[in-house]
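Quick caveat, the model's predicted, so the values are computed rather than measured.
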Amino acid sequence: MGMLVAFDPSSAIWGYGFGRGDAEREARGKAKALAIESVSLKDGKVVVRVRNVGSECDFDYFGVYLYECYTKPKEKSLLFGLIKISKSEEVLAGCATNDWIPVNDFREIELKPKSELLPGRMYKVTVDWGDASVAYNFAVDDEGNLIPK
């Protein structure tokens, strides 16, 4: 003969919510995050202001990179066409550091591109800290002003 077990669904929901709340608090307590606060052009350089918005005060490293994004991927053939290489972006400048940034503090990183930023082209700044990354897309107008995209 089968055994009848009384099941109270509210207790299962309460237990799920309690465990979930603990996990969310634990994740918030260990959150590390950098944000791109601003990007500007100054004397032919791209100035990126990076802020630590996480709750931990240091990072093992972080890198700031400037890319030119292609509207159509560029292809190159090697070994008489046997190997084809396709790229959708190219690194124009980069900086990696193990600099310490306290919570709510910032660093300004200057990137000197290997070529001039031209109007009508799409660019991207990426801040990468190992666990994750953030990006900021922009273009440059004819007067040399930055236009967020």
Enquirer: Would you mind listing the cluster partners of Val47? Hydrophobic ones only (ILVMFWY), side-chain contacts under 4.5 Å, chaining allowed.
Expert: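 Same cluster as Val47: nobody, lone residue.
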
Enquirer: With a 4.5 Å cut-off on side-chain heavy-atom distances among I, L, V, M, F, W and Y, is there a chain of contacts connecting Val48 to Tyr65?
Expert: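 Shared cluster, no.
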
Enquirer: Using a 6.0 Å distance limit plus a 45 degree cone around the ring axis, check whether Lys149 lies over the aromatic ring of Phe138.
Expert: no

Enquirer: Just wondering, do Glu68 and Arg121 contact through their side chains at under 4.5 Å, heavy atoms?
Expert: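 In short, these two side chains touch, coming nearer than 4.5 Å.
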
Enquirer: When you look at Val64 and Val125, which way does the side chain to side chain contact (heavy atoms under 4.5 Å, CB included) test go after all the steps?
Expert: CA-CA 7 Å; Val64 181; Val125 170; 4.1 Å; yes

Enquirer: If you group Ile, Leu, Val, Met, Phe, Trp and Tyr by side-chain heavy-atom gaps below 4.5 Å, do Met122 and Leu111 land in one group?
Expert: no

Enquirer: Would you compute the distance between atom CG of Leu66 and atom OG1 of Thr126 and round it to the nearest 0.5 angstrom?
Expert: 9.0 Å

Enquirer: Group every Ile, Leu, Val, Met, Phe, Trp and Tyr by side-chain heavy-atom contacts under 4.5 Å, then state whether Tyr136 and Leu34 land in the same group.
Expert: yes

Enquirer: Carefully, step by step, assess Leu41 and Leu117 under the rule side chain to side chain contact (heavy atoms under 4.5 Å, CB included).
Expert: CA-CA 10 Å; Leu41 300 175; Leu117 302 184; 3.8 Å; yes

Enquirer: Got a donor-acceptor contact below 3.5 angstrom from the Asn52 side chain to the Ile101 backbone?
Expert: yes

Enquirer: Go through Val91 and Glu89 one step at a time and tell me if the side chain to side chain contact (heavy atoms under 4.5 Å, CB included) criterion holds.
Expert: CA-CA 7 Å; Val91 178; Glu89 59 190 23; over 6 Å; no

Enquirer: Quick check for you: to the nearest 0.5 Å, what is the distance between Phe62 atom CZ and Ser133 atom OG?
Expert: 13.5 Å

Enquirer: Counting only N and O atoms by type, is there a donor-acceptor contact under 3.5 Å from the side chain of Tyr123 to the main-chain atoms of Leu118?
Expert: yes

Enquirer: To the nearest 0.5 Å, what is the distance between SG on Cys69 and CD on Glu90?
Expert: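 Reported to 0.5 Å precision, the distance equals 11.0 Å.
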
Enquirer: Can you list everything that forms a side-chain hydrogen bond (donor to acceptor under 3.5 Å, both in side chains) with Asp141? Sequence neighbours excluded, please.
Expert: Asn145

Enquirer: Rounded to the nearest 0.5 Å, what separates atom NZ in Lys112 from atom CG in Leu92?
Expert: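 CG of Leu92 is found 11.5 Å from NZ of Lys112.
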
Enquirer: When you compare the side chain of Leu146 with that of Val140, does any pair of heavy atoms fall below 4.5 Å?
Expert: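 No, side chains not in contact.
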
Enquirer: Hey, could you give me each pair passing salt bridge (Lys or Arg N to Asp or Glu O under 4.0 Å) that has a residue in residues 37-46? Not counting sequence neighbours.
Expert: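 Qualifying pairs, neighbours excluded: Glu37-Arg49, Glu37-Arg51, Lys45-Glu110.
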
